[in-house]
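Contents: one structure, followed by commentary.
Every chain is numbered from 1, with letters handed out A, B, ... down the list of sequences.
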Amino acid sequence: MVEIRDIRTHLSNLVAEAVEEAVRTGDLPDVAIPGPGIERPKDVSNGDYASTLPLRLARAALMPPLDVARAIVKHLPADGTLDPVEIAPPGFLNFRLAASYLQAQVDAVVSRGGSYADLTLGTGKKAQVEFVSANPTGPLHVGNGRGAAIGDSLASALAAAGYEVEREYYVNDAGTQTDTFGDTLYARYQQIFGREAPIPDDGYPGEYMAELAEEIARLHGEDYLRPEGEAAPADMSALGIELMVKKIGETAERFGVHYDEWFSERSLYEGEKPYETAMGILRANGQLAEREGALWFSSSELGEAKDNVVVRSDGRPTYYASDIAYHYDKFVRRGFGLVIDVWGADHHGHVSRVKTATRAVGGDADNLHILLYQLVTLKRGGEIVRLSKRSGDFITLDELIDEVGKDAARMFFLLRSPGSQMEFDIDLAVKQSSENPVFYVQYAHARLASILQRASEQGVTPEGGDVGRLTAPHELALIREMLRLPEAIEQVATTFEPQHLPHYAMTLATAFHVFNDAFKQAGDSSMKVITEDAELTRARLRLVQAAKIALARVLELMGVDAPERM
RNA sequence: GCGGCUGUAGCUCAGUGGAUAGAGCAUCUGUCUUCGGAACAGAGGGUCGGGAGUUCGAAUCUCUCCAGCCGUACCA
């Protein structure tokens, strides 16, 4: 039997065969044939799948689209997965899955269980998703939450699509901002011991810096105190960053995100020194030039708007140099076949440069996808709050999780496409928490669980249910909806747009609620899932079980809990 | 100035060049003696920012204008 995840390919093949046969018999002229283009009609009354091939073929074939359609249908091979194919004006081919096929899929989903909707499109390929990677100079804020939700779900979807996926956080522990961070931290540290130590002008005024200093004082007492007037000890910054990275990791875990790798920027300059190797490649290719006391990457020769500095005149590498080495490391040293960088949109000016550099050091830039998400503007009390660690005025991701919960927050971020600017009204988010779509979906899952539980208490289980008994329209509609999951995953894994997951989850939840309500509205207890007819009950429980599997899977991909009860 | 993203219902947002542009929230009207009312059905609500073009067909592609955000560092 054709698996649901292969159904579109199957339909494409059928149409291609029919066209070939139609040409052979002379029912269609021998012209260039575009792909069958199997798509999803918006309106289910137009079938489960459709092809517009007749419309697109009509001109070249010099035939009316409907005649083209008839010629194709005439030669379509008989196929058990489909009802008879319909022709609809002005020239659509409409395909409808046969009830027997739909019913059989219920068993197929149940036997697949938690691996239902696994795909093979990424099998054998290593993928890396790098996301959040916020400077470890402060706690994660609400905007980072958006990157976390997007990156983590994307990684999950890629894993479901067959990729071997690593989640990575790039720790910027080498830049100039870490110095400023260290200076600020030392100022706060000195304040604890009663010194008049002002926070540097370009430092970090946030209260969290004082808390961090207190933590260091708690752990190390006065060990880091230097004579008054002296600069901060060299390792103050590193210590602070270590503690901050730990906090960030804890926040990520609370948000349901687990990183496989915390990649230190500094490590690029140590050990195997990927930085030296990457720069060596550029130098060997004659793409480095010294000018005005600095070292420049001749990127303009590679199509960039201008050359860029990689080593400052004071001898320190720029962040761009680190990024070149970092992407060399990702592609060449570690050998990822697919690399996704999830960045805030304020870095978009950097996209082209990094791709060019990746190519220049031998990386496969075509498989480097830089996913930009627009920044979150935060509104509180009707006023816009700037999200900046520098200003010290922001809402942390921890606070957001405390107030609206991990599940609601993740769903909220995922629902919006990464490219859309979003306004996060913190007051509204708290107030709306009980109306958040996440509860609608979770409730559907809890109801599914509850039905199975109730039946089990009455001694009825789904085992052995005859899916052939599932013939009611709302039963078939629910089956159709749960069969869309592989398609949703494929869409996310190929377009890198995770918002399709929550939208699918909501549609599936609706299909279940409608299914469930249809029994209630009938006002006849014999029409409920659990009926006097034990065989029919078993069949319906089988569907409930399958739907629960599909819903749990999509919730898992979104990093949202699938509760058995609420 | 140049470049990128965005502009779709009152609000927040979906929408792979195809059929009557959708969802949630909000508003209004109903359903079911709740296998779990955080449910379901229905209604109202749109010049898809404006204009031009390509196409058998455009919210979707091209051009242009308008508006918002961002970028255009030897910051990251």
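Residue A:A88 is in base contact, counting any heavy-atom pair closer than 4.0 Å across all strands shown. The residue A:H347 sits close to a base: some heavy atom pair falls under 4.0 Å. A:H348 comes within contact range of at least one nucleobase, with a heavy-atom separation under 4.0 Å. Heavy atoms of A:N94 sit under 4.0 angstrom from at least one base atom. Contact annotation for A:N46: base contact, defined as any heavy-atom pair under 4.0 Å involving a base atom. The residue A:F92 sits close to a base: some heavy atom pair falls under 4.0 Å. Residue A:A446 is classed as a base contact, given a heavy-atom separation below 4.0 Å to a base. Residue A:A294 is in base contact, counting any heavy-atom pair closer than 4.0 Å across all strands shown. Among the protein residues, A:M422 comes within range of the sugar-phosphate backbone only, with heavy atoms under 4.0 Å from sugar or phosphate atoms but none that close to a base. Counting any heavy atom pair closer than 4.0 Å across all strands shown, A:E564 reaches a base atom. Contact annotation for A:A305: no contact, since no heavy-atom pair falls under 4.0 Å across all strands.
For the pair A:R410 and A:F413, the NZ or CZ position fails the cation-pi test of under 6.0 Å to the six-membered ring centre and within 45 degrees of the ring normal.
Using a cutoff of 4.0 Å between basic side-chain nitrogens and carboxylate oxygens, A:R353 and A:D323 are not scored as salt-bridged.
Relative ring orientation between A:Y170 and A:Y326 is described as parallel, the plane-to-plane angle staying below 30° on a 0-90° scale split at 30° and 60°. Note on ring orientation: taking the six-membered ring where Trp is involved, the planes of A:Y319 and A:H350 are tilted (angle from 30° to 60°).
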>> Both atom distances under 3.5 Å, Watson-Crick or G-U wobble: I'd like the secondary structure of RNA chain B as a dot-bracket string, with | for pairs made across strands.
In response: (((((((..((((....[...)))).(((((.......))))).....(((((..]....))))))))))))....
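Spacing between B:C25 and B:A9 at atom C1', rounded to whole Å, works out to 12 Å. B:A14 and B:G3 are spaced 26 Å apart, taking the P atom of each and rounding to whole Å. Comparing the C1' positions of B:C65 and B:G7 gives an interatomic distance of 14 Å, to the nearest angstrom.
Nucleotide B:U6 holds its P atom 16 Å from the CZ atom of A:R416, rounded to whole Å. Spacing between atom CG of A:L501 and atom P of B:A23 amounts to 21 Å, rounded to whole angstrom units. Rounded to whole Å, atom C1' of B:G24 lies 10 Å from atom CE of A:M411. Protein atom NE2 of A:H350 is 12 Å distant from nucleotide atom C1' of B:G71, rounded to whole Å. For A:L372 and B:G3, the CG to P distance is 18 Å, given to the nearest whole Å. The distance from atom CD1 of A:I451 to atom C1' of B:A39 is 12 Å, rounded to the nearest whole Å. The CD-P distance, from A:Q374 to B:U6, rounds to 7 Å in whole Å. Atom-to-atom, CD of A:Q491 to C1' of B:A14 comes out at 11 Å; the value is rounded to the nearest Å.
Projected onto RNA chain B by closest heavy-atom contact, A:P90 and A:W296 fall at different nucleotides, the more 5' of which corresponds to A:P90. When each of A:V514 and A:Q499 is assigned the nucleotide of RNA chain B with its nearest heavy atom, A:Q499 is the one assigned upstream, toward the 5' end.
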>> Could you go through A:F512 and A:H445, starting from their C-alpha distance and side-chain angles, then the distance that decides it, and tell me whether this counts as ring pair (Phe, Tyr, Trp, His ring centres under 6.0 Å)?
In response: CA-CA 9 Å; A:F512 164 69; A:H445 186 270; 9.7 Å; no
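A donor-acceptor pair under 3.5 Å is absent between the side-chain atoms of A:T184 and the main chain of A:G203, judged by distance alone. Remark: the backbone N or O of A:V309 is paired with a side-chain donor or acceptor of A:T318 at under 3.5 angstrom. A:Q499 places no side-chain N or O within donor-acceptor distance of the main-chain N or O of A:P418, the cut-off being under 3.5 Å.
Between the side chains of A:N172 and A:Q177, no donor-acceptor pair is found at a separation under 3.5 Å.
In the interface, the side chain of A:Q421 is paired with the base of B:G68 through a donor and an acceptor atom under 3.5 Å apart.
The distance from the CD atom of A:E39 to the CZ atom of A:R8 is 8.5 Å, given to the nearest 0.5 Å.
Annotation: proximity of residues 311-328 of chain A to RNA chain B (heavy atom, distance under 4.0 Å) is found for A:R312, A:S313, A:Y319, numbered in ascending order.
Scored by the salt bridge (Lys or Arg N to Asp or Glu O under 4.0 Å) test, A:D173 finds no partners at all (sequence neighbours excluded).
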